[in-house]
There are 2 protein chains.
Amino acid sequence: MLKLTRKLEYALIALRHMQDKGDTFISAKEIADMYLIPQELLAKTLQQMVKLNYIKAAQGPHGGYRVRKGLTEISMTQFMEDLEGPIGIVDCNINAECIQLENCNIRLPIKKINSNIRAIFNEIRVGDITS
Amino acid sequence: MLKLTRKLEYALIALRHMQDKGDTFISAKEIADMYLIPQELLAKTLQQMVKLNYIKAAQGPHGGYRVRKGLTEISMTQFMEDLEGPIGIVDCNINAECIQLENCNIRLPIKKINSNIRAIFNEIRVGDITS
DNA sequence: TTAAATACGACTATTTAAGTCGGGTATAAC
DNA sequence: GTTATACCCGACTTAAATAGTCGTATTTAA
């Protein structure tokens, strides 16, 4: 209940590691080995972040990834939702297709809690975790 | 990601319904029918809450459940953890058995976020949702 | 040309959550 | 005391989401 995904954890670990290394390109393998993360899985996550323009990739030997400037300013809400889709502690906050809906007697208070949680992640920037 | 379980939703819906009905005993069936919740699943959840002394059960015809006084004062953290176990956005906040552990470079900031989330639920009482 | 790396989609496995079933007990009403 | 209604409880099954793997292609430095 209320868990972050591993993908997100791996992404943050990788970002922090890359950030520590400055401008040099770091391979997925290096990170996977260091933090005991399944390499293929990490690689896919890094590729996703390339598409999101969070990081830059370089192919070929001595290739790898490095963090783009500005990433650290992005809110965790955006980061998480870019990687994993919308945050919602219950489904009706996301897709509104709930058989209870009309009858639901806890909808409003739950909605409020949901926005409290979003607020937490809005106030945290990726850089707060990775640097 | 970051979802509440259905069990918790069902529990809260049921509690609110029972609270609306005051001191009379309400059957699992009545609630299940009204909110389109699988009856067996709801029943199990209600039974769990009986054991936790959150509600009182009465057997036999016209039996059912009613809310115990004082439940509304309990924090959502306690309520959720009683029903579903410890809140932890990552596993190492719960069982500490993580192969990364020593190397993990994001442990502290994640831990902080976790306590922020707990804080939200600490400040909410069950009664804030069910009444 | 080779080796090291990313790119990408399909696939499989694992875990967790969700839901079902069967048999038991209590009790009110008749 | 029989019946019907409802709680009690554990075992089981199913479904969904997450996690991880594999194969093949492409890029590029040495």
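Proteins come first, then strands; the chains are lettered A, B, ... in the order of their sequence lines, and each starts at number 1.
- Side-chain N/O atoms of A:Tyr10 include none lying less than 4.0 angstrom from OP1 or OP2 on D:dA19.
- In the hydrophobic cluster analysis, where Ile, Leu, Val, Met, Phe, Trp and Tyr join through side-chain heavy atoms closer than 4.5 angstrom, B:Ile26 is grouped together with B:Tyr10.
- The interatomic distance linking B:Ile26 (CD1) with D:dA6 (C1') rounds to 13 Å, in whole Å.
- Where A:Lys51 and A:Pro61 meet DNA chain C, the nucleotide closest to each residue was compared, and A:Pro61 sits on the side nearer the 5' end.
- Rounded to a whole Å, the CG atom of A:Leu36 is 17 Å from the P atom of D:dA19.
- Across every strand in view, D:dA30 sits in a pair with C:dT1 that passes the Watson-Crick or G-U test at under 3.5 angstrom.
- Comparing C:dA7, D:dA19, C:dA29 by their nearest atom to the side chain of A:Arg6 picks out D:dA19.
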A:Leu2 and B:Met80: side chain to side chain contact (heavy atoms under 4.5 Å, CB included), yes or no, with the steps? CA-CA 11 Å; A:Leu2 291 174; B:Met80 291 164 62; 3.6 Å; yes
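- Atoms CZ (B:Arg66) and P (D:dC7) sit 14 Å apart, rounded to a whole Å.
- Between A:Tyr35 and A:His17, the ring planes lie perpendicular to each other; the angle is over 60°, past the 30° to 60° tilted range.
- Here A:Ala43 lies out of heavy-atom contact (under 4.0 Å) with every strand.
- At most 12 non-hydrogen atoms from other residues, nucleotides or ligands lie less than 6.0 angstrom from CZ of A:Arg125.
- Summary of the strand contacts: A:Gln59 and A:Pro38 both lie near DNA chain D, and taking for each the nucleotide with the nearest heavy atom, the more 5' one is attributed to A:Pro38.
- Here the nucleotide nearest the side chain of A:Tyr65, chosen from D:dC22, D:dC7, C:dA7, is C:dA7.
- In this structure, the CZ atom of B:Phe25 is 11 Å from the P atom of D:dC7, given to the nearest Å.
- If you check distances only, the side chain of A:Lys44 never reaches the base of C:dT6 with a donor-acceptor pair under 3.5 Å.
- For A:Lys29, the salt bridge (charged side-chain N to carboxylate O under 4.0 Å, His left out) partners two or more places apart in sequence, or in a different chain, are A:Asp33.
- Each of D:dC22, C:dA17, C:dA29 was ranked by its minimum atom distance to the side chain of B:Thr5; first place goes to C:dA17.
- For the pair B:Gln47 CD and D:dC8 P, the computed distance is 5 Å after rounding to whole Å.
- Across all strands, A:Ala28 comes closer than 4.0 Å only to sugar-phosphate atoms, never to a base (heavy-atom distances).
- Distance B:Glu9 CD to C:dG19 C1': 15 Å, rounded to the nearest Å.
- Distance B:Lys56 NZ to D:dC8 C1': 14 Å, rounded to the nearest Å.
- One can place NZ of A:Lys7 at 21 Å from P of C:dT14, the figure rounded to the nearest angstrom.
- Taking for each of A:Gly60 and A:Leu41 the nucleotide of DNA chain D with the nearest heavy atom, the 5'-most of the two is the partner of A:Leu41.
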